[in-house]
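Quick notes on the structure that follows.
We count ligands from 1, going down the list as the structure has it; atoms in each ligand are counted the same way. Quantities reported herein were computed from a predicted structural model and do not represent experimental measurements.
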Amino acid sequence: GVVGAAATAGAAGAGGLVAGAVLGRESAAGAGATADGNQQLAFYGTHQPGIEAPVQAQGWLTAFDLKPGTTTTQLRALMREWTSIAAATMAGEPLPSADDAMALGRGPGALTVTVGVGASLLTKLGLGHRIPEALTPLPTFLGDDLDADASNGDLVVLVAANDGLVAVHALRAMQRSAAAVAGQRWQVNGFGEAAGVMPSPTATPRNLMGQLDGTGNPKPGTAAFDRTVYVPADGDPAWMRGGTYLVYRRIRMLLDTWDALDRGQQEAAIGRDKATGAPLSGGTEFTAPDYGKFSPEGALLIPPGSHIRQASAQLNAGATIYRRPLSYYNGRRADGAPDAGLHFLAYQRDPASGFTAIQQRLAGADTLSTYIRHEASGLFAILPGCSEGGYLGETLLE
Ligand code: HEM
């Protein structure tokens with residue numbers, strides 16, 4: 001739900017005309033996006049709005065741990081406060097109380113606030129019997145090199161917007177209101193692309209390897225999307241109906257190694273054309289890949305180890321997920337390699353038959369796995385949305 005466009009369309013796409021002509025841009029903005037990205041997205045609803053929102057330019061992901069002794073009553077009060085902060089900031093309004101005026105006169109900037117809980121939260125509150133099966137810890141995958149301190153957590157908040165100031169304003173308010181009951185466990189930030197810079201506000205964004213990233217996703221607003229992502233109205237447990245599960249992976253890209261590949265090798269690793277995103281079997285970005293098509297020389301056009309072949313639902317018992325990553329680029333590590341990559345965010349109603357099924361195959365067979373490292377991980381229940389007068393988490397905490 002888009003509530004309204006808050007500002008001019010005057011700057012629409014001004015930065016991208018030449019590239020657009022080269023790459024065949026779409027001319028019209030699709031539903032749910034304005035050309036300058038300053039729209040207001042509806043906070044209240046069956047699902048939290050940050051899951052399906054158009055790609056945003058900036059995002060912060062913060063995990064919190066409860067302070068020892070925190071009670072369910074205290075958590076309920078925090079969730080009510082977080083709900084009112086989310087509702088106000090997403091509407092571009094000042095906070096209900098104690099606004100620091102950081103983003104005075106700015107917003108809403110397509111701001112979304114998304115809140116989830118980890119299994120450890122339920123354990124700490126004595127609600128261990130209500131932990132969904134879907135929050136069973138992820139298995140260890142081949143090649144995992146995970147930093148436990150940068151992984152998991154009791155609560156997670158994703159704040160994303162087309163303006164960094166607008167996003168941080170909301171995040172700081174949430175951190176301040178949490179201070180007495182929950183402290184930061186880890187925080188990362190990353191970026192997508194800005195609506196006015198992409199060839200159209202609904203175009204597929206690129207990642208730091210330069211690939212169009214998101215082509216194969218289920219499309220928001222379709223029945224296939226809802227089936228993939230949300231716990232249905234008759235699903236279990238009841239407190240998760242309308243919610244979803246988030247798998248977070250901090251995936252470093254070995255960018256210097258990747259850059260040494262030529263364009264053809266890079267395209268073979270993914271199975272898609274870099275400029276257009278079309279599958280190497282031919283067509284345009286959204287043409288279905290033909291995994292059985294051979295070159296005149298007898299080679300599979302979409303190579304056996306290519307990422308899209310290995311990740312495809314066909315090879316993974318129908319496994320589908322909705323990917324919504326943020327890029328990060330944080331200078332160089334002590335070993336000289338770029339600290340860069342993806343904050344990979346995948347939503348699905350069942351992580352075991354979604355992310356886990358796919359990653360078990362990718363970790364062993366994907367050419368791309370040579371060029372990436374999984375360094376942190378998280379599994380969270382993303383709470384159902386709420387209606388006016390209600391609050392996030394009410395289905396769990398009532
Ligand atoms: C597709 C990049 C990690 C699952 C793609 C595509 C690219 C890409 C460029 C093709 C376009 C698209 O459909 O979006 C990357 C990069 C990764 C990464 C750079 C790490 C840095 C992962 C992981 C998973 C995954 C960890 C899941 C475990 C998928 C799926 C598809 C896909 C399901 C769609 C396949 C299809 O079209 O059937 N990825 N990916 N990716 N990726 Fe990844």
Side-chain angles (χ1 to χ4, degrees), residues 55 138-139 141-144 146 190 192-193 203-219 224-225 228-229 245-255 257-259 261 266-281 283-291 302-303 305-329 338-348 350-379:
V55 170
L138 299 176
F141 302 97
L142 190 69
D144 274 5
L146 305 180
E193 279 200 273
T204 309
R206 288 190 190 275
N207 61 34
L208 293 179
M209 287 177 164
Q211 304 136 357
L212 294 182
D213 196 335
T215 304
N217 266 335
K219 299 287 167 280
F225 183 94
T228 298
V229 173
Y245 296 92
L246 170 66
V247 173
Y248 161 62
R249 307 286 282 185
R250 193 183 85 215
I251 308 179
R252 180 162 57 92
M253 295 171 167
L254 310 188
L255 271 190
T257 316
W258 174 259
D259 286 349
L261 301 182
Q266 292 184 350
E267 291 177 339
I270 293 293
R272 288 186 179 273
D273 181 270
K274 233 178 155 176
T276 65
L280 296 181
S281 50
T284 58
E285 183 184 355
F286 294 103
T287 307
D290 181 349
Y291 293 111
I302 300 176
S306 64
H307 183 67
I308 63 163
R309 179 185 290 274
Q310 293 300 328
S312 74
Q314 272 162 273
L315 265 194
N316 293 291
T320 49
I321 54 179
Y322 175 62
R323 294 166 288 124
R324 217 194 140 82
L326 292 162
S327 295
Y328 67 91
Y329 192 67
D339 186 18
L342 282 186
H343 296 303
F344 178 89
L345 304 173
Y347 295 95
Q348 65 252 274
D350 177 29
S353 60
F355 174 83
T356 297
I358 302 168
Q359 178 58 17
Q360 258 158 354
R361 175 178 298 274
L362 290 182
D366 181 11
T367 304
L368 191 64
S369 62
T370 317
Y371 304 98
I372 62 180
R373 295 288 179 270
H374 287 240
E375 297 184 331
S377 181
L379 176 61

TODO: Can you measure from CG (D213) to CD (E193) and round to the nearest 0.5 angstrom?
DONE: 10.5 Å
Task: Mutual orientation of the aromatic rings belonging to Y248 and H343 [parallel < 30°, tilted 30-60°, perpendicular > 60°] - done: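 Geometry flag for H343 against Y248: tilted rings.
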Open item on the list: Please verify the inter-ring angle class for F344 with F355; under 30° counts as parallel, over 60° as perpendicular, anything in between as tilted.
Closed with: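 It falls in the tilted class, 30° to 60°.
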Open item on the list: Suppose we screen for side chain to side chain donor-acceptor pair (under 3.5 Å). Which residues come up paired with R249, at least two apart in sequence or across chains?
Closed with: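 Partners of R249 under the side chain to side chain donor-acceptor pair (under 3.5 Å) test: D144, H374, S377.
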TODO: Before accepting this row, confirm whether a basic side-chain N of the pair R250/E375 lies closer than 4.0 Å to the acidic partner's carboxylate O.
DONE: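 Looking at E375 together with R250, the answer is yes, because their closest N to O distance falls below 4.0 Å.
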Distances under 3.5 Å, N/O of ligand 1 against N/O of the protein: list each pair and its distance.
from, atom 1, to, atom 2, distance (Å)
ligand 1, 13 (O), G216, N, 2.6
ligand 1, 13 (O), R323, NH2, 3.0
ligand 1, 14 (O), G214, N, 2.5
ligand 1, 14 (O), T215, N, 3.1
ligand 1, 14 (O), R323, NH1, 2.9
ligand 1, 14 (O), R323, NH2, 3.1
ligand 1, 39 (N), H307, NE2, 2.9
ligand 1, 40 (N), H307, NE2, 2.9
ligand 1, 41 (N), H307, NE2, 2.9
ligand 1, 42 (N), H307, NE2, 2.9

- [ ] Identify the heavy atoms of Q310 and A365 that sit nearest to each other, and give their distance.
- [x]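 Here Q310 and A365 meet closest at OE1-CB, 3.4 Å.
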